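What follows is a set of notes on a single structure, which appears directly below.
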Amino acid sequence: MSEAGAAVHAEHEREGFVRHYIFSKDHKMIGRQFLFAGLVMLIVGGLLAMMIRWQLGWPETPLPITGLFSEEFWDGDSWLAQTLPYGTITSEFYNALFSMHATIMIFFVVVPIMVGAFGNFLVPIMIGARDMAFPTLNMLSFWTAVPAYILILLSFFVPGGAAAAGWTSYSPLAAVPDYLGVAGPWGVNLWCISLIILGFSSLMGSINYITTIVNMRAPGMTWFRLPLIVWAIFIVSILLLLAFPVLTAALGMLLFDRLFGTHFFLPEGGGDPLLWQHLFWFFGHPEVYILVLPAMGVTSEILPVFARKPIFGYRAMVYSMIAIAFLSWIVWGHHMFQSGMDPALGTAFTLTTMIIAVPSAIKTFNWLGTLWGGSIRFPTPMLFALGFVFLFTIGGLSGIFMASTPVDIFIHDTYYIVAHIHYVVAGIIFGIFAAIYYWFPKMFGRMLNETLGKIHFFLTFVFFNLTFFPMHFLGVGGHMRRIYNPLHYEFLEPLQGINVFISVMALCLGASQLFFLANFLWSLFFGRRASENPWQANTLEWTAPSPPPHGNFLTAPVVYRGPYEYSSPEVAEDWLPQTRRVEVASAGGHG
Amino acid sequence: MTYLRFASTAPPEVRRRPLRVRPQGPPPRVPEPPGGDDWGDHHGDEDAFRPPLSNACLGMLVFLGAETMFFAGLIGTFLVFRVASEAWPPPAMPRLPVGVTGLNTLVLLASAYTMWQAQQAARRGLLRRLLHGLGLTALLGVTFLLVQGYEWMRLLGFGLTLASGVYGATFYTLIGCHALHVCGAVLWLLGVTLRAWRGRMALPSTGLTLCGMYWYYVVGLWPVLYTLVYLA
Ligand code: HEM
Ligand SMILES: [Cu+2]
């Protein structure tokens, strides 16, 4: 097989720069491309969040950029002077800030990193394939996403600014350009177009993942020997495949309402604003599980490795993901308790929502079971994975409160919801960090710095909770979400102290990410070289060189066992790779 | 791998070739299942690496699943309005051409038959019949589109536009999306036909299989839309 290895190498050499780094068809390079695209957008989305917090903490106070420019500059009509007059966030821009923050984080950060980057990088290599089923389609999937990225960023610079109707773009607000009160219709238009394009990219990705996982598994890689992250990506691909087209249809109709005078979501032409909400959330709830399942998969990979124990309840993990996938289609109404929906229907949605918490809880308990009695180590990936479990538990619990209609009538559209979504969605960022710290050695052939990683984790974890936990109190205090200036409301004045506190913590949270940025960039070039299997893990990617060559494996892997056989009595070491065949399956300690 | 060429007569012996598609992407690896004692505990799954459906067919099926959800979104929207309204078509709105479109439905259904015939011909390696079948299919598809276009022009003439409330809007988007799909299918079909015509089609042909799947899907969707939008 060394011949094949050499051939792979020669092929690699022959590829020019463009074929290798830009229009690459190698799943690993495409994964890296998605990772960089997502991380850049994470910075953009994070900066938007900092501005949101600035406005809420110190309403209508100029940002500390005013002094950087001269008087004439602020009097001029450059984009910056118009958007942020004298450095102050206007109400129109504020609306754009929170709409784009959520849109970017959900569609351009979490999904591209989790599904695009890690899905691409891990799926073929973890199932023992040389590449995706359709490498060209894979490349197209990335390059289709690029215009979507460009359009969503460009939309800040069109007349009227970026989309400002919330990431949910409820109609009629979003369906009639004039209602937003901004100078031009192109913000929301570009928002729609960008997401429609992104839908095509995601479609290509889903087709690829599903086909690859079904058809390209290595000999011996049975369904129940698949690592849980692969299961997660498989289920997420199915959800994306079936949910995104519904959003595409809805976005198309919204765009028609705005551009061609249709009245799908406008009562004056017989349309129905609630229809938008139904279509959006029919997509939207599966979408939140699209976001969270890969993070759950990452956690399920990392906990056994660093507890040196098999995952607790492998099949239960798989079945609960499948259950979540099914249930996620019938809970969307919990976003609409306050919309005037039939209360009987509301009760049904309350029930289904409570039920979907059960498989989520099963997963959480299984993670705890995995830790129980393990010889736990705490390198950075493990810390972030544990952080994710912690945050998901809090977010899941607040979800159950909100799932009950009577409670939700009070806290709907308050900061309580904001607390919930950040514990779950922003908690996913912990899953992303865990994945990056864990697979960075495989992706780039170098280790990240542990000390910086630990500092990053502790600061992020502390400031994260100090930022988002108090939002529960704001919400219960009646603080509405999406308001421009809390000081405009007399009853919110006593809460302003909390707002200031949150803003300070949020700025610290943002600043803590510099540790990650520095660590990432430095280690990319100067990090310690990674060995093939630095974490002593079982799954197939660790049998390939770091970073793996084009074609992944020097010899085609054959799989003999499940992915989590740690501390097995069959061998002397405390790990047992999936490709390792143990001759005598006796309980003796030799291998 | 044989390439189709024009032959003055059909090949003497009609061989049946299984419509197996060439694997896409990297070649499959050694199909030898690993033996060993610990192998026995997973019965049934051993053949995972000899997939029953080729990558291309599976990918296409998955894609059609997404298409179905897209149309489900549009059909759902249509039904919401249709069920909620007392009079459909709403007062002063033109009725849809049920008869002509009914005939047109038959045209489209016929194209599925000719597509099937073309695929049968390909299976036997009969190029002339294959080209004939493909051409006829494309022709039927184009006829369908032309009749649809003509009817649309008439409806526009009667004042039914996208802006005519939800009646016009759902009609044009739903039926228009289907028409776009037929358009795409015809273009693809023409591409496949051209390849066969130039003698570039290798048998068994993945392109033909996939194009056929897409064609059947687009044809099969139409009676559903016709029933819902025109008849119900
Ligand atoms: C334990 C399971 C969960 C339950 C019971 C639950 C329940 C709910 C409910 C009832 C709402 C609507 C509240 C309202 O608007 O009044 C909501 C909102 C939301 N949930 Fe969850 N949730 C759960 C898990 C998740 C997960 C895992 C995610 C994401 C990964 C998520 C993301 C969101 C988001 C983004 C919103 C806000 C949408 C918006 O209005 O902008 N939830 N959740
Ligand atoms: Cu939901």
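Please read all numbers here as calculations on a predicted model, not as lab measurements. Proteins come first, then strands; the chains are lettered A, B, ... in the order of their sequence lines, and each starts at number 1.
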Sort [X] into side chain, backbone, both or neither according to what part of it lies under 4.5 angstrom from a heavy atom of chain A.
X	value
B:V166	both
B:S85	neither
B:T77	both
B:L61	neither

Check the surroundings of atom CZ in A:F200: do more than 12 heavy atoms from other residues, nucleotides or ligands lie under 6.0 Å from it?
-> no
CH2/B:W116: more than 12 non-hydrogen atoms of other groups inside 6.0 Å =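 Open: at most 12 neighbouring heavy atoms sit under 6.0 Å from CH2 of B:W116.
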Please flag which part of [X] lies under 4.5 Å from any non-hydrogen atom of chain B: side chain, backbone, both or neither.
X	value
A:M253	side chain
A:F256	side chain
A:F282	side chain
A:I207	both

Could you check whether any side-chain heavy atom of [X] comes within less than 4.5 Å of a side-chain heavy atom of [Y], counting everything from C-beta outward?
X	Y	result
A:H263	B:F81	no
A:L241	B:F63	no
A:F264	B:T173	yes

State whether the side chain of A:N215 and the backbone N or O of B:L53 hold a donor-acceptor pair below 3.5 Å, judged by distance alone.
->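 Yes, because the side chain of A:N215 sits within donor-acceptor range (under 3.5 Å) of the backbone of B:L53.
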For residues B:N55 and A:T211, report the shortest heavy-atom separation together with the two atoms involved.
->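 Heavy-atom minimum between the residues: O-CG2, 3.4 Å.
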Any residue meeting side chain to side chain contact (heavy atoms under 4.5 Å, CB included) with B:R95, in chain and number order, not counting sequence neighbours | B:P89
Between A:L242, A:I210, A:V246, the one whose heavy-atom pairs under 4.5 Å with chain B are most numerous =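 Between A:L242, A:I210, A:V246, the count favours A:L242.
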Counting heavy-atom pairs under 4.5 angstrom with chain B, the leader among A:G261, A:A243, A:A250 is A:G261
